[in-house]
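One structure below.
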Amino acid sequence: QVQLLESGGGLVQAGGSLRLSCAASGRTFSSYAMGWFRQAPGKDREFVSAIRWSGDNTYYADSVKGRFTISRDNAKNTVYLQMNSLKPEDTAVYYCAAGPYGSRWYREYDYWGQGTQVTVSS
């Protein structure tokens with residue numbers, strides 16, 4: 001069992017930066033791939049980024065590639081999402097998730113956090 005808690009969301013102007021954190025409980029955190037997804041009002045949940053258990057393999061949606069960076073610290077049971085050059089279209093609730101593969105498909109994740117709101121003003 002893994003419990004996830006996101007933090008770091010907030011209101012930022014376009015062009016600004018935020019760093020999201022996702023703290024995990026449970027001794028098996030390091031064995032899971034971690035993903036970040038987001039969901040804007042009236043839209044489907046969207047893949048943002050994922051990282052394999054070792055941190056050696058990372059994946060990004062085209063819409064965030066070059067602006068967002070995912071990383072993890074297995075000693076701290078935490079995964080991060082550094083978001084730079086934010087745009088109004090990045091506004092959404094951001095969720096972290098744990099699963100076996102680091103997939104872009106949200107159904108392949110077993111555990112989810114409650115989400116943190118990111119709002120980017122123009």
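Numbers here simply count residues along the sequence, with the first being 1. Predicted model only: the values in this text are computed from it and were never measured.
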_On a heavy-atom basis, which atom in Ala40 and which in Ala92 lie closest, and how many Å separate them?_
N-CB, 3.8 Å

_Treating Glu6 as the side-chain partner and Gly115 as the backbone partner, does any N or O pair qualify as donor plus acceptor under 3.5 Å?_
yes

*Same cluster (ILVMFWY, side-chain, under 4.5 Å), Tyr111 and Tyr106*: no

*Over all heavy atoms of both residues, which pair between Leu4 and Ala24 is shortest? Give the atoms and the distance, please.*
CD2-CB, 3.6 Å

*Measure across Glu46 and Ser63 and return the closest heavy-atom pair with its distance rounded to 0.1 Å.*
OE2-OG, 4.0 Å

*Taking the six-membered ring for Trp, are the ring centroids of Phe37 and Phe47 within less than 6.0 Å of each other?*
yes

_Salt-bridge present (Asp90, Lys87; N to O < 4.0 Å)_ = no

*Sub-4.5 Å side-chain heavy-atom contact between Leu81 and Val48*: yes

*Answer yes or no on whether Arg19 is positioned over the face of Tyr80, meaning its NZ or CZ is under 6.0 Å from the six-membered ring centre and within 45° of the axis.*
yes

_Could you check whether Asp73 and Thr78, counting side-chain N and O atoms only, form a donor-acceptor pair closer than 3.5 Å?_
no

*Any side-chain heavy atom of Trp53 sitting closer than 4.5 Å to one from Pro100?*
no

*Without hydrogens or angle criteria, can the side chains of Thr91 and Glu89 be said to hold a donor-acceptor pair below 3.5 Å?*
no

*asked:* Exactly one of Ile51, Asn74, Val2 should register a side-chain contact (heavy atoms from CB on, under 4.5 Å) with Tyr32. Which one does?
replied: Val2

*Can Glu108 and Ser103 be counted as having a side-chain donor-acceptor contact under 3.5 angstrom?*
yes

*Evaluate the ring planes of Trp112 and Tyr95, with Trp represented by its six-membered ring, and classify them as parallel (under 30°), tilted (30 to 60°) or perpendicular (over 60°).*
perpendicular

*How long is the span from the CG atom in Leu86 to the OG atom in Ser121, to the nearest 0.5 Å?*
10.0 Å

*Shortest non-hydrogen contact from Met34 toward Val79*: CE-CG1, 3.9 Å

*Closest heavy-atom contact between Ser17 and Gln82?*
CB-NE2, 4.0 Å

*Where do Gly35 and Tyr109 come nearest, in terms of heavy atoms and distance?*
N-CE2, 3.6 Å

